[in-house]
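First listed ligand is number 1; within each ligand, the first listed atom is number 1.
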Amino acid sequence: MNEKKYQEDDEHGNSCQINGSDSSLRFPFAAPEPYLTQKISDDIYWLRIPLPFKLDHINVYLIAEQDGWCLIDTGMGTNYSKRYWQQLFDSALQGKPITRIVITHNHPDHVGLANWLQQKFHCPVIMSKREFEIMAYLFSISGSTPPDYYLDYLLRAGMSTEHADKVRQHRDNGYDKAVDGLPKDCQFVDHGDNITLGKYQFNIIIGSGHSPAHVSLYCPELNILFSGDQVLPDIPSMVTLYPKNPKFKDHRKQNPLGRWLKALNGLKALPSDTLVLPSHNKPFIGLHARVDEIIANHCALLNQLLAALQQGKTVSQSIMPIYKRKVRDQVYVMFISELLAHIQFLEQLGLVAREQGAEVDIFSTISAPDMCQQIDDYLSR
Ligand SMILES: [Zn+2]
């Protein structure tokens with residue numbers, strides 16, 4: 001079952017130890033050259049689509065099917081990505097059509113060209129229903145003023161009214177600029193489903209925390225996990241808490257970090273020598289070590305927060321002690337949402353108290369035990 005059927009590229013000296021992360025990870029493949037594929041197995045190929053920001057690229061994967069290719073994720077919905085794909089159709093894809101597209105989650109670098117590729121190849125898109133609903137929602141508010149509950153969330157976190165006014169005037173969430181339309185013919189999958197892609201059976205694993213219902217796919221026969229952004233080898237996946245429409249959901253009751261930690265820990269049920277094919281950086285072996293490392297990084301941030309909140313603070317006032325720098329605009333909002341996801345986890349464990357003032361929420365540490373033990377206890381519940 002766990003026999004390795006993929007190819008390791010040792011003979012070319014491309015297998016290397018990780019830098020900047022857990023030294024027990026192994027990287028069996030060199031990155032593909034631009035416009036070329038890297039062969040992972042007889043039926044699975046790795047491609048990179050460039051991204052116009054620091055992340056640099058997204059990995060997409062092709063699985064050979066009888067009459068074409070099943071594609072995992074697509075790249076962003078920009079004209080540049082479309083031109084890049086145009087070059088790939090006859091070369092990397094050998095003139096064969098895309099027969100199905102699997103989308104891991106709603107972020108633009110993953111889903112940006114699903115609709116465009118679907119229109120070209122008339123193929124179904126496979127994703128989770130929740131991720132599709134989020135996409136539809138993000139399109140529906142593109143180009144409109146941010147809702148009041150979003151501004152209230154930022155003000156309660158300690159954003160100045162001047163800064164909030166700037167956010168109010170910034171009318172566009174940009175989703176429709178980065179995602180080229182909503183795919184139409186979707187096949188929804190859920191946790192525990194099995195699907196056949198090419199010659200292989202894959203188990204659908206739904207994770208949460210980075211996005212609400214992120215799809216990973218595990219093939220027992222090949223011992224390969226397409227992990228999307230659920231596990232990345234050497235960069236963190238953001239775990240954030242954004243407000244929901246309070247008519248439907250009170251974001252103060254949400255616990256994205258708790259869901260994230262449980263989903264990550266659940267992946268340790270897979271064999272430790274699983275070949276992980278992530279959406280960024282390189283495929284690697286060392287799933288359990290990487291999961292442990294990611295959980296330890298959250299643990300360290302939670303310990304830092306417990307120390308910073310000894311003197312009560314707004315979320316905004318916690319940015320400097322944690323990140324050691326002043327930030328503005330989009331990064332500020334990202335840090336607020338990441339810190340709030342962690343603070344709310346602490347609040348739900350009864351370690352931090354929220355004082356809900358007329359204008360801002362102040363968070364204070366009640367008790368500061370070692371978070372690693374707390375997380376172990378939380379994961380064993
Ligand atoms: Zn993502």
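- For a distance bound of 2.8 Å, the N, O or S atoms of H105 include one lying that close to the Zn ion (ligand 1).
- For the Zn ion (ligand 1), the set of nearby N, O or S atoms under 2.8 Å includes none belonging to D109.
- Look at H214 and the Zn ion (ligand 1): no N/O/S atom of the residue is under 2.8 Å from the metal.
- Classification of the H110-H105 ring pair by plane angle, with boundaries at 30° and 60°, yields tilted.
- For the pair K313/P321, a side-chain contact is recorded, criterion being any heavy-atom separation below 4.5 Å from C-beta on.
- The shortest side-chain heavy-atom distance between T37 and P32 does not fall under the 4.5 Å cut-off.
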Mind running side chain to side chain contact (heavy atoms under 4.5 Å, CB included) on L275 and N223 for me, showing each step along the way?
CA-CA 6 Å; L275 175 66; N223 194 24; over 6 Å; no
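- Annotation: angle subtended at the Zn ion (ligand 1) by H107 ND1 and D229 OD2 is 180°, to 10°.
- No other N/O/S atom of H210 lies as close to the Zn ion (ligand 1) as NE2 does.
- Of the possible donor and acceptor atoms, none in the side chain of E338 sits under 3.5 Å from a partner among the backbone N and O of M238.
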